[in-house]
Amino acid sequence: MLDGAVLILNQNYEPLNVCDVRRALILMIRDKAQPIELSTEKINAVSESFAVPSVIRLLSMVRRPVLAQKLSRKEVFWRDNFTCQYCGQKTYDLTLDHVVPRVLKGPHIWENVVAACVQCNHRKAGRTPLQAKMQLLSIPSTPKANPYDHLMHRALPPEWSIYLPWVRKEPQSSPRGFNYYSAIA
Ligand SMILES: [Zn+2]
């Protein structure tokens, strides 16, 4: 139970991170954090039992580190909104296209990769957009890191939802197993 997940809010109630109950209790004992929501679990100590926190809030503001977004196929598709950057087709059947192809020493960086459908990638082949007479819908760039990355791909307890901006928008009907992707879809 000490391994249970606890949502940490910044002093301004912004979701900041997730820690385990053990870490949350240490933060509370050291007066670094206060409990905001309690879970239904209880810990039985020697002389008393106390409720386990589910959401805690830091008592002083923590600056969120600005993380660089890691370059991966999946992240490029998300950045490009699952849209082929040549023909504009929205599809999940995408490939990663190097704008200046690898054979022409095009680098593997955010600014040189785009989502392309299979047909467009095939048509463009080892050429630049100019050589292939294909125009990009937009200039590729490095996306901002998602500050809520650590909250993706995990089940979110219902009592967390009011603190998570993307969940807050819609009423919670299926609390357990709520997932980031279904929340934004
Ligand atoms: Zn296409």
Side-chain angles (χ1 to χ4, degrees), residues 5-10 12-20 55 62-185:
V6 177
L7 176 66
I8 306 179
L9 304 177
N10 213 339
N12 65 356
Y13 291 88
E14 252 181 15
L16 194 66
N17 212 339
V18 176
C19 69
D20 60 17
V55 180
V62 166
R63 210 199 253 269
R64 192 197 292 278
V66 181
L67 303 165
Q69 183 67 272
K70 230 180 111 194
L71 175 56
S72 72
R73 283 166 58 86
K74 203 182 74 189
E75 293 302 332
V76 171
F77 299 163
W78 274 98
R79 181 199 64 184
D80 293 346
N81 201 19
F82 291 92
T83 304
C84 171
Q85 292 301 294
Y86 294 103
C87 70
Q89 185 193 169
K90 214 169 153 80
T91 172
Y92 288 105
D93 197 14
L94 288 166
T95 61
L96 191 71
D97 174 65
H98 288 88
V99 179
V100 176
R102 299 293 265 169
V103 288
L104 299 177
K105 305 260 188 296
H108 186 66
I109 56 171
W110 280 107
E111 291 74 14
N112 193 46
V113 291
V114 292
C117 73
V118 178
Q119 297 91 313
C120 287
N121 200 331
H122 190 73
R123 197 180 130 205
K124 180 170 172 277
R127 300 177 291 178
T128 65
L130 196 68
Q131 290 168 341
K133 296 191 173 60
M134 293 167 78
Q135 207 174 358
L136 278 170
L137 293 183
S138 54
I139 306 292
S141 60
T142 306
K144 283 206 185 84
N146 179 356
Y148 303 121
D149 224 27
H150 53 272
L151 287 165
M152 293 163 88
H153 309 300
R154 63 153 66 231
L156 305 175
E159 63 270 21
W160 290 13
S161 62
I162 57 167
Y163 303 100
L164 306 176
W166 63 90
V167 180
R168 207 188 297 149
K169 281 181 203 133
E170 27 193 325
Q172 268 288 17
S173 51
S174 58
R176 287 268 167 208
F178 203 81
N179 135 336
Y180 180 81
Y181 287 123
S182 63
I184 61 167

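For ligands, and for the atoms within them, numbers begin at 1 and follow the listed sequence. What you see below is based on every heavy atom in this structure, not just the backbone, and it leaves out hydrogens, waters and symmetry mates.
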**Asked** With a cut-off of 2.8 Å, which protein N/O/S atoms are close to the Zn ion (ligand 1), if we only count those under it?
**Response** Cys84 SG, Cys87 SG, Cys117 SG, Cys120 SG
**Request:** State, to 0.1 Å, how close Val118 and Thr95 come at their nearest heavy-atom pair, and which atoms those are.
**Result:** CG2-CG2, 4.1 Å
**Complete:** Correct closest heavy-atom pair for Asn121 and Leu96 would be ND2-O, 3.6 Å
**Prompt:** What do you reckon, is CZ of Arg127 surrounded by more than 12 foreign heavy atoms closer than 6.0 Å?
**Reply:** yes
**Asked** Looking at Thr142 and Glu111, what are the two nearest heavy atoms and their distance?
**Response** OG1-OE2, 2.7 Å
**Message:** On a heavy-atom basis, which atom in Thr83 and which in Gly88 lie closest, and how many Å separate them?
**Reply:** CG2-O, 3.4 Å
**Message:** Please find the pair of heavy atoms, one from Val76 and one from Val113, that lie closest to each other, and give the distance.
**Reply:** CG2-CG2, 3.8 Å
